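Notes to accompany the following structure.
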Amino acid sequence: MTPTLTALLCFGLSLGPRTHVQAGPLPKPTLWAEPGSVIIWGSPVTIWCRGNLEAQEYRLYKEGGTEPRDTQKPLEPKNKARFSIPYTTEHHAGRFHCYYYSPTGWSEPSDPLELVVTGAYNKPTLSALPSPVVASGGNVTLRCGSQRGYQHFVLIEEGEHRLPRTLDSQQLHSGQFQALFPVGPVTPSHRWTFRCYGYYSNTSQVWSHRSDPLEILASGVSRKPSLLTLQGPVVAPGENLTLQCRSDVDYDRFTLHKAGQRTFLQRPGQQSQAGLSQANFTLGPVRGSHGGQYRCYGAHNLSSEWSAPSDPLDILIAGQIRARPSLLVQLWPTVVSGEKVTLLCQSQEWMDTFLLTKEGAAHPPLHLRSKHEAPMYQAEFPMSPVTTAHAGTYRCYGSRSSNPHLLSPPSDPLELVVSASHPQDYTVENLIRMGVAGLVLVVLGILLFEARHSWRSFPRCSREVNNREDNGPFGVTKPQEQI
């Protein structure tokens, strides 16, 4: 062997993994991470590199470095190696490759593995526009947003092996940053649960904490249930609130959703004595955060598709505004059926809307926009024509447009009394009878007056003489004359 050939062979054996001396390149290895490539800060992760059965050594490289991050001997049967990271930090985030060495030389590099570390910054919020309940086959927009100036947002679907979706952020006039992700078509064939992250351009593999999960429900066309409250739509703080979702369809489970929230409450369906399937959702003790609009849905156990939504139910929380309005009735609180009556709700402090409730009424409160007639804010609730059904106890509340489900304390109660008499009940015959009775009373009054006047004007001396003739002088009885 010539000196030149010997020198070349020695030089080839000393080259790094990117130089090959074999006649043809070895197959590239496979690189993956467990439990995944997106790791929460501080969690352990295991990186695996699989080569062939002739591999004698495995090396792990991180992009940007010239030295291997780790070198491992193969595990039996020598076709893979394990690289363990017991505590993940931002220094482990990046792109990795692995190689293996066999008697014929170094392999090609593996495809890159991008290791992402989450939990470095505050979590963003994830919401669905317009609602997380979507008609089966429909589309929905998911909004990932934050007050922090993240330049990019990432959307990940849980339970799926789909790649994360990344969008550049947009800054709103309010100063908030957001990205809008279209999702769909939504079907009930699998569970749709999402989370999102934010990150900065200079650290693309270091993400924020993950958002709270957002579940998307697919609703169908099966008959909608009904939603009602057992306490009434206006609730005082500290009380327990029970919402009941029920249907004449034999649903096995029900879910309750509040507009603007990401989560759902689910309860199994129960059969009532009336033959309805129903579920009770107890909320409380009630706080201001319970105010809002609710809907419920029903579903069968053998289906992941939910029913059409119930009609919306507004829950109003009293006592959240300091000012207390007053309620009064124009004219007087006792009225005759058929008359025009107006209830006036007013406040010296600013209110956008006034609400009128009737004790024991099943219908929702009446709403009217406030009118400012200095120095009062007020609304007039007309009742025309009034009937006996209007009788009852009324209260009014004030609210503001910034949060219309938060109300003032109630006004003092107003008792409205409605008489069953009606002006049309006074017929001609009744009027004649009343006129005759009145005339008789007038005549009797005149006669009594004349009689009294005549008695007072009778001569006093005549009365005294008569008395002496009867009783004698000084009141002594006069003896009878002898026959």
Side-chain angles (χ1 to χ4, degrees), residues 130 173-174 227-241 243 258-261 283-295 311-335 339-387 389-418:
H173 293 296
S174 61
L227 182 63
L228 63 152
T229 171
L230 304 183
Q231 288 81 11
V234 181
V235 189
E239 294 182 355
N240 285 326
L241 172 65
L243 304 184
K258 179 187 174 186
Q261 287 194 344
L283 311 175
V286 167
R287 302 185 302 274
S289 59
H290 288 98
Q293 189 175 90
Y294 293 81
R295 293 178 186 266
D311 292 333
L313 174 65
D314 288 309
I315 297 299
L316 309 171
I317 311 300
Q320 305 302 298
I321 300 175
R322 184 178 59 183
R324 181 191 298 270
S326 59
L327 180 63
L328 57 142
V329 59
Q330 294 181 347
L331 299 179
W332 43 80
T334 301
V335 294
E339 289 184 343
K340 296 181 179 180
V341 175
T342 298
L343 300 186
L344 179 65
C345 187
Q346 58 185 12
S347 171
Q348 289 185 342
E349 294 194 25
W350 157 61
M351 299 289 179
D352 288 315
T353 305
F354 287 102
L355 299 87
L356 182 68
T357 63
K358 181 184 177 185
E359 194 173 282
H363 56 75
L366 298 175
H367 292 67
L368 280 181
R369 295 290 297 174
S370 169
K371 295 181 180 179
H372 186 209
E373 296 185 7
M376 307 295 286
Y377 293 87
Q378 63 184 35
E380 296 181 353
F381 295 88
M383 297 181 182
S384 177
V386 71
T387 67
H390 290 98
T393 302
Y394 292 84
R395 292 177 173 85
C396 77
Y397 302 80
S399 70
R400 293 169 181 164
S401 57
S402 56
N403 198 330
H405 293 94
L406 301 184
L407 308 183
S408 69
S411 67
D412 292 333
L414 173 68
E415 184 75 19
L416 184 64
V417 179
V418 180

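What you see below is based on every heavy atom in this structure, not just the backbone, and it leaves out hydrogens, waters and symmetry mates. As the structure is a computational prediction, the values presented were derived from the model and not from experiment.
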Can you confirm whether [X] sits close enough to [Y] that some side-chain heavy atom of one is under 4.5 Å from a side-chain heavy atom of the other?
{"X": "Pro312", "Y": "Arg295", "value": "yes"}
{"X": "Met351", "Y": "Ile321", "value": "yes"}
{"X": "Leu356", "Y": "Met383", "value": "yes"}
{"X": "Ile315", "Y": "Lys258", "value": "no"}
{"X": "Tyr377", "Y": "Pro325", "value": "no"}
{"X": "Gln320", "Y": "Pro409", "value": "no"}
{"X": "Ser399", "Y": "Leu407", "value": "yes"}
{"X": "Pro365", "Y": "Val234", "value": "yes"}

Separation of [Y] [atom2] from [X] [atom1] (nearest 0.5 Å):
{"X": "Leu328", "Y": "Leu414", "atom1": "CG", "atom2": "CG", "answer": "8.0 Å"}
{"X": "Gln231", "Y": "Asn240", "atom1": "CD", "atom2": "CG", "answer": "7.5 Å"}
{"X": "Leu243", "Y": "Leu230", "atom1": "CG", "atom2": "CG", "answer": "8.0 Å"}
{"X": "Leu343", "Y": "Phe354", "atom1": "CG", "atom2": "CZ", "answer": "13.5 Å"}
{"X": "Glu349", "Y": "Met376", "atom1": "CD", "atom2": "CE", "answer": "10.5 Å"}

Passing candidate, side chain to side chain donor-acceptor pair (under 3.5 Å) with Asp352, options Ser370, Ser402, Ser401: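 Result: among Ser370, Ser402, Ser401, Ser401 is the only option passing the side chain to side chain donor-acceptor pair (under 3.5 Å) with Asp352.
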Specify the closest pair of heavy atoms between [X] and [Y], including all atoms of both residues, with the distance to one decimal.
{"X": "Ser408", "Y": "Tyr397", "value": "O-CD2, 3.3 Å"}
{"X": "Cys396", "Y": "Leu327", "value": "SG-CB, 4.0 Å"}
{"X": "Glu380", "Y": "Leu368", "value": "O-CD1, 2.9 Å"}

Exam field: side chain Glu239 to backbone Pro237, donor-acceptor pair closer than 3.5 Å: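 No, Glu239 side chain to Pro237 backbone: no donor-acceptor pair under 3.5 Å.
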Check: Glu359 main-chain N/O paired with Thr393 side-chain donor or acceptor under 3.5 Å: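 No: the side chain of Thr393 does not pair with the backbone of Glu359.
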Leu416 and Lys358: CA distance, side-chain angles, deciding distance, side-chain contact (heavy atoms from CB on, under 4.5 Å) verdict: CA-CA 10 Å; Leu416 184 64; Lys358 181 184 177 185; over 6 Å; no
Audit row: Thr387, Val418, side-chain contact (heavy atoms from CB on, under 4.5 Å) steps and yes/no: CA-CA 7 Å; Thr387 67; Val418 180; 5.9 Å; no
After noting the C-alpha distance and the side-chain angles of Arg395 and Ser411, does the key distance pass the side-chain contact (heavy atoms from CB on, under 4.5 Å) rule? CA-CA 5 Å; Arg395 292 177 173 85; Ser411 67; 4.1 Å; yes
Given His405 and Asn403, is the side-chain contact (heavy atoms from CB on, under 4.5 Å) satisfied, shown in steps? CA-CA 6 Å; His405 293 94; Asn403 198 330; 4.0 Å; yes
Should we count CD of Gln293 as having more than 12 external heavy atoms under 6.0 Å?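 Atom CD in Gln293 is packed in, count exceeds 12.
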